[in-house]
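Worksheet: the structure to be examined is printed underneath.
Numbers here simply count residues along the sequence, with the first being 1.
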Amino acid sequence: MEEERAMNQPPPIGKNIQTRRKEKGMSLEMLSKRSGVSKSMLSQIEQEKTNPTVVTAWKIARALSMTVQELMENREGSMIVVTRHNDAPMTTTPDNLCTLRVYSPMDNTGNVEIYFLHMEAGGVNDSAGHSPNAEEFLSVLTGQIRIKVGEHEEVLKVGDTARYNADIRHIISNEGNRIAEAILIVNLPRSSTRG
């Protein structure tokens, strides 16, 4: 009976659009510009007040880097939320040699942030201290990375993981002659979690 009821329900297109849009950190206005669909139409679709035409759904899906099929899937109750590598928001350091991809969901309200760090040879990620008692965990996937926290330094190789205070200035650098990559986890105390 439940299965039959589910089969008769329309696909949750509006909810899927809103979820994906927020995961990508996009406003309705940004999505409107990328898709060519008006902001008011997008708002109505997200609120399930109207259903998009096939062409409109295709434009929105393309702007969100999704297929129309993914847009129509019922993801209700899914235990797995996936952030695709190329869909993760990305920042670049001032030297343009390091990129940080945000692997944490954009609607993350927890105290853990997850990043994928890619460093070209000579790249430096120089960070001011985060909130009080913040910690970082850095696990090296490829290459060799030097971490400097205050007056303390360590060199990490593939497979090494470092845990260090991140509430003071800390510098992550690739002093090798090839690319270095790592997973960076930032643990912020709940009282000072960014929101």
Side-chain angles (χ1 to χ4, degrees), residues 16-27 29-31 34 63-66 70 75 78-195:
N16 288 346
I17 291 170
Q18 187 178 61
T19 299
R20 182 62 168 239
R21 176 174 65 77
K22 288 182 176 178
E23 283 173 359
K24 292 179 80 65
M26 292 172 67
S27 65
E29 192 171 336
M30 287 168 68
L31 180 55
R34 284 192 186 183
L64 291 170
S65 304
M66 300 174 78
E70 286 173 321
R75 297 162 71 185
S78 174
M79 298 298 286
I80 302 173
V81 177
V82 176
T83 300
R84 303 285 177 206
H85 181 74
N86 289 332
D87 292 340
M90 186 174 72
T91 60
T92 305
T93 56
D95 63 10
N96 286 321
L97 295 175
C98 305
T99 55
L100 278 163
R101 288 186 186 269
V102 184
Y103 276 7
S104 312
M106 293 310 288
D107 60 355
N108 179 33
T109 56
N111 61 331
V112 175
E113 297 175 355
I114 304 168
Y115 300 90
F116 177 83
L117 175 61
H118 175 95
M119 307 182 85
E120 297 290 333
V124 176
N125 184 38
D126 190 339
S127 298
H130 304 310
S131 55
N133 301 315
E135 287 184 313
E136 288 186 357
F137 300 81
L138 185 98
S139 295
V140 178
L141 303 174
T142 61
Q144 184 172 295
I145 293 176
R146 179 181 298 275
I147 298 174
K148 183 173 183 183
V149 181
E151 298 303 312
H152 304 277
E153 290 186 45
E154 287 290 341
V155 173
L156 304 180
K157 297 181 179 176
V158 175
D160 292 345
T161 298
R163 172 185 167 195
Y164 50 91
N165 293 344
D167 55 1
I168 61 173
R169 182 181 178 203
H170 47 287
I171 302 167
I172 301 169
S173 58
N174 177 6
E175 295 174 358
N177 56 8
R178 61 189 189 113
I179 289 169
E181 294 178 323
I183 296 294
L184 176 64
I185 298 173
V186 183
N187 185 23
L188 301 164
R190 198 158 292 281
S191 60
S192 56
T193 302
R194 297 168 198 158

Is any side-chain heavy atom of [Y] closer than 4.5 Å to one of [X]?
X: E120; Y: N174; result: no
X: H130; Y: E136; result: yes
X: L97; Y: V124; result: no
X: I172; Y: Y164; result: yes
X: L64; Y: M26; result: yes
X: K157; Y: V140; result: no
X: L31; Y: I17; result: yes

Output all residues satisfying side chain to side chain donor-acceptor pair (under 3.5 Å) with [X], sequence neighbours left out; order by chain, then residue number.
X: E181; answer: H118
X: D95; answer: T93
X: E154; answer: none

Exercise. If you round to the nearest 0.5 Å, how far is CD1 of I147 from CG of L138?
Worked result: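 Spacing of CG (L138) from CD1 (I147) equals 4.5 Å.
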
Problem set entry | Value rounded to 0.5 Å, distance of OG in S139 from CG in D160 |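 Answer rounded to 0.5 Å: 9.0 Å.
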
Counting N and O atoms only, with roles assigned by atom type, does the side chain of [X] sit under 3.5 Å from a partner on the main chain of [Y], one being a donor and the other an acceptor?
X: D126; Y: I171; answer: no
X: N111; Y: L188; answer: yes
X: R20; Y: S65; answer: yes

Problem set entry | Residues which pass side chain to side chain contact (heavy atoms under 4.5 Å, CB included) with R146, listed by chain and number, not counting sequence neighbours |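 With neighbours one apart ignored, the set is E153, V155, S173, E175.
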
Problem set entry | Residues in side chain to side chain contact (heavy atoms under 4.5 Å, CB included) contact with E151, at least two apart in sequence or another chain |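 E151: no side chain to side chain contact (heavy atoms under 4.5 Å, CB included) contacts found.
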
Problem set entry | Residues that F116 engages under ring-ring contact (aromatic ring centres under 6.0 Å, His included), provided they are two or more places apart |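 By the ring-ring contact (aromatic ring centres under 6.0 Å, His included) rule, F116 matches H85, Y103.
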
Exercise. Considering residues, nucleotides and ligands other than R101, do more than 12 of their heavy atoms fall under 6.0 Å from its CZ?
Worked result: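 Check passes, neighbour count above 12.
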
Problem set entry | Taking every non-hydrogen atom, the tightest pair across I145 and A180 |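 That would be CG1-CB, 3.7 Å.
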
